[in-house]
Amino acid sequence: MDNMKFAVPLANGKLTAHFGHCQEFALIDVEENDIKNKEIVIPPPHEPGVLPKWLHDQGADVIIAGGMGQRAVQLFDQAGIKVIIGAPVEEPETLIKHFLNNTLTTGDNLCDH
């Protein structure tokens, strides 16, 4: 897949560990391994099952997250969105460049529910 859209939950311009309660998302278009477009969007109020549908409607293909509950991972999977968990707190462009270069280091799932 040459064209992908990444969704990264943000707090203060960097990845936040609190996926479901983030203030905003960076939606970043990648074409042939180059970042082409970045949009900051405000998610709808947090309720179970809302974000998978909303991000699917936004066209997201991949979510890079610090942590996420197991049920949310299943819902994103059902929506056809790949989830990367345990990413470090970095700017979204940095995370995506690491992902594209196969150098993204992930640790533990920072979400415990």
Side-chain angles (χ1 to χ4, degrees):
M1 182 186 298
D2 289 334
N3 298 344
M4 293 188 284
K5 181 173 280 199
F6 288 81
V8 181
L10 300 180
N12 302 317
K14 293 188 176 183
L15 178 103
T16 177
H18 302 289
F19 176 83
H21 301 279
C22 71
Q23 301 160 343
E24 56 191 20
F25 277 86
L27 294 178
I28 299 179
D29 293 309
V30 172
E31 294 176 17
E32 299 178 12
N33 286 348
D34 285 331
I35 293 173
K36 294 294 184 186
N37 186 39
K38 175 181 173 182
E39 182 182 5
I40 303 296
V41 294
I42 308 298
H46 178 69
E47 289 180 35
V50 168
L51 288 176
K53 180 181 183 334
W54 180 74
L55 285 170
H56 180 266
D57 291 346
Q58 303 298 314
D61 299 300
V62 180
I63 295 169
I64 298 179
M68 185 182 297
Q70 208 44 51
R71 181 72 184 124
V73 173
Q74 291 171 340
L75 290 171
F76 281 113
D77 193 46
Q78 290 169 5
I81 301 172
K82 179 181 172 85
V83 178
I84 289 74
I85 298 174
V89 176
E90 298 274 355
E91 293 180 348
E93 295 88 347
T94 303
L95 294 169
I96 291 167
K97 285 177 187 165
H98 284 304
F99 176 84
L100 295 172
N101 293 326
N102 291 319
T103 58
L104 180 62
T105 305
T106 56
D108 294 332
N109 185 347
L110 301 175
C111 184
D112 55 5
H113 55 276

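Values below: all heavy atoms of this structure, side chains included; hydrogens, waters and symmetry mates excluded.
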So which atom in [X] and which in [Y] form the shortest heavy-atom distance, rounded to 0.1 Å?
X	Y	value
F19	P9	CD1-CG, 3.6 Å
P44	V50	CG-CG1, 3.4 Å
K14	V89	CB-CG1, 3.9 Å

**Request:** Quick one: do V30 and V62 satisfy side chain to side chain contact (heavy atoms under 4.5 Å, CB included)? Show the steps, please.
**Result:** CA-CA 11 Å; V30 172; V62 180; over 6 Å; no

Sidechain-backbone polar pair: [X] side chain, [Y] backbone, donor-acceptor under 3.5 Å:
X	Y	result
T16	C22	no
D61	K5	yes
N101	K97	yes

Is any side-chain heavy atom of [Y] closer than 4.5 Å to one of [X]?
X	Y	value
P52	D77	no
L104	I84	yes
P88	L95	yes
P92	L10	yes
I85	V73	yes

**Item:** From CD1 (I96) to CD (E90), nearest 0.5 Å
**Value:**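 Interatomic distance, I96 CD1 to E90 CD, rounded to 0.5 Å: 12.5 Å.
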
**Prompt:** So how far is it from I64 CD1 to K82 NZ, rounded to the nearest 0.5 Å?
**Reply:**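 That separation rounds to 10.0 Å.
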
**Request:** Please answer: with hydrophobic residues joined when any side-chain heavy atoms are less than 4.5 Å apart, are M68 and L75 in the same cluster?
**Result:**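 As far as the 4.5 Å side-chain criterion goes, L75 and M68 are not connected within one cluster.
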
Contacts table for residues 32-43: side-chain donor-acceptor under 3.5 angstrom, sequence neighbours left out:
residue	atom	partner	partner atom	Å
N37	ND2	D29	OD2	3.3
K38	NZ	E93	OE2	2.9

**Request:** Show the numbers, then the answer: is there a ring pair (Phe, Tyr, Trp, His ring centres under 6.0 Å) between F6 and F25?
**Result:** CA-CA 10 Å; F6 288 81; F25 277 86; over 10 Å; no

**Item:** Residue pairs involving residues 41-57 (criterion salt bridge (Lys or Arg N to Asp or Glu O under 4.0 Å); sequence neighbours excluded)
**Value:**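 Pairs touching residues 41-57 that pass the test: K53-D57.
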
